[in-house]
2 protein chains.
Amino acid sequence: EDVVVSGVAYNRNEAKISIVGVPDRPGIAAEVFGRISDSHIVVDMIIQNVGYNSRNDISFTVSKEDFAATLKIAETLCKELGAEKVISDEKIAKVSVVGVGMKTHCGVAAKMFRALAENGINIEMISTSEIKISCVIRESDLDKAVQAIHNGLIINAEPGI
Amino acid sequence: EDVVVSGVAYNRNEAKISIVGVPDRPGIAAEVFGRISDSHIVVDMIIQNVGYNSRNDISFTVSKEDFAATLKIAETLCKELGAEKVISDEKIAKVSVVGVGMKTHCGVAAKMFRALAENGINIEMISTSEIKISCVIRESDLDKAVQAIHNGLIINAEPGI
Ligand SMILES: C[C@@H](O)[C@H](N)C(=O)O
Ligand SMILES: C[C@@H](O)[C@H](N)C(=O)O
């Protein structure tokens, strides 16, 4: 589903769901994603930051088509796990910088974040790997974001990368 | 730095730093990673989940060698940005499942999390891409984690993948 434009990839077809305040103990993530997987729903990003007071928030994205069904599952899980609440948002998009050998990661990440910042785009979530830096932003900011990253980074024009 | 064992990758040489309660507005992530990049420090993972009340937490990992220097930078940034505090932890490790075409992502993620859970290993942070599901865990759990994932998942024995 990701559209790749010589180093910048983006996906408009994303919705995010967060199960807030899950118990931060072994087995919780397994239960959440086991249940979603059993429902044959494909998850794109999974993001979990550091927990506090034995609680944590687990966020993930699915396609907009799967959003309603996944939200139901998340709400059921929230009750079963004794989590605090579910929050969700369909008006997001994912924008990524893709490149091999980004272990000089930090320079590229800084440039990407700078490009977004200079265009007043708030970065809502961040997830990275060696080859990809992904940011969740407002869907309405996506076109501006892709343009900004193209302008701000020297993208090796290798099609399909 | 990642050691890859036919589908399972791990990195013992990681330390995590979180700048807690940064203002959740454009420009903050750019400032944080611009400063670290200018100091010639390589960042591995960057994780940021959804913010609350106009605040968010930005977490990242660096090598243990770079930890002390990065912590100083983070503490300076914390003051300058008016963030709440810095938390850090050297006793972590990263364990990942690596595979191409993991858009059936959720099944693999669920299996990985289940393998860890069944061995009583708490998953502290999660970050994913299409080809990699990474978890931050206690460093002391790493050997058990790698073994558990090998046992729990059918890993295509392609060396170097
Ligand atoms: C919060 C969740 O990730 C939990 N720590 C687990 O290990 O499943
Ligand atoms: C918290 C931080 O990511 C902020 N939202 C930014 O855009 O820089």
Side-chain angles (χ1 to χ4, degrees), chain A residues 1-2 16 18 20 24-38 41-51 56-59 87 89 96 103-107 109-111 113-136, chain B residues 1-2 16 18 20 24-38 41-51 56-59 87 89 96 103-107 109-111 113-136:
Chain A
E1 202 62 57
D2 286 307
K16 80 170 161 123
S18 304
V20 176
D24 194 0
R25 62 166 188 261
I28 301 295
E31 187 65 28
V32 170
F33 294 100
R35 185 83 52 91
I36 296 171
S37 170
D38 290 346
I41 290 167
V42 172
V43 165
D44 182 24
M45 302 170 86
I46 299 172
I47 293 178
Q48 176 186 304
N49 203 339
V50 178
N56 210 334
D57 305 336
I58 300 178
S59 297
I87 60 179
D89 193 337
S96 309
K103 262 281 174 170
T104 52
H105 215 136
C106 214
K111 287 199 182 82
F113 302 157
R114 177 69 58 202
L116 296 174
E118 286 173 356
N119 285 269
I121 297 168
N122 196 44
I123 300 166
E124 303 183 4
M125 298 161 87
I126 303 169
S127 178
T128 63
S129 72
E130 285 85 353
I131 67 163
K132 199 171 187 181
I133 303 165
S134 292
C135 292
V136 168
Chain B
E1 201 65 53
D2 286 305
K16 79 169 162 104
S18 303
V20 176
D24 194 1
R25 62 167 188 259
I28 301 295
E31 187 64 27
V32 170
F33 295 99
R35 186 82 53 92
I36 296 171
S37 171
D38 290 347
I41 291 168
V42 172
V43 165
D44 182 27
M45 302 171 87
I46 300 172
I47 293 178
Q48 176 187 304
N49 204 339
V50 179
N56 210 333
D57 305 336
I58 300 179
S59 297
I87 60 179
D89 193 338
S96 309
K103 263 282 175 171
T104 54
H105 214 137
C106 214
K111 286 199 182 82
F113 302 157
R114 177 68 59 201
L116 296 174
E118 285 174 356
N119 285 268
I121 297 169
N122 197 44
I123 300 166
E124 301 183 5
M125 298 161 85
I126 303 168
S127 179
T128 63
S129 73
E130 286 84 354
I131 66 161
K132 199 171 189 181
I133 303 164
S134 293
C135 292
V136 169

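Labels below follow one simple rule: chain letters A, B, ... track the order of the sequence lines, proteins then strands, and each chain is numbered from 1.
Between chain A and the residues B:A29, B:C135, B:G27, the most heavy-atom pairs under 4.5 angstrom are made by B:A29. Of the listed residues (B:A115, B:G120, B:S127), the one with the most heavy-atom contacts under 4.5 Å to chain A is B:S127. When each of A:N49, A:I58, A:V20, A:I87 is scored by its heavy-atom pairs under 4.5 Å with chain B, the top score falls to A:N49.
With B:T128 contributing its side chain and A:I46 its backbone, the two residues share a donor-acceptor pair below 3.5 Å. In this structure, the side chain of B:D57 does not engage the main chain of A:V50 through any donor-acceptor pair within 3.5 Å.
Distance NZ/A:K132 to NZ/B:K132: 14.0 Å, rounded to 0.5 Å. Taken from OG in A:S37 to CZ in B:R114, the straight-line distance is 11.0 Å, to the nearest 0.5 Å.
Minimum interatomic distance between B:E124 and A:Q48 (heavy atoms only, all atoms of both residues): O-NE2, 3.0 Å. Listed here is the closest heavy atom pair of B:A30 and A:A117: CB-CB, 4.3 Å.
A:E118 does not touch chain B: none of its heavy atoms, backbone or side chain, sits under 4.5 Å away. Within the 4.5 angstrom heavy-atom criterion, only side-chain atoms of A:S18, from C-beta onward, approach chain B. Proximity to chain B is absent for every atom of A:L116, based on heavy atoms less than 4.5 angstrom apart.
When the options A:I28, A:D24, A:N56 are evaluated for a side-chain contact (heavy atoms from CB on, under 4.5 Å) with B:N122, the one that passes is A:D24.
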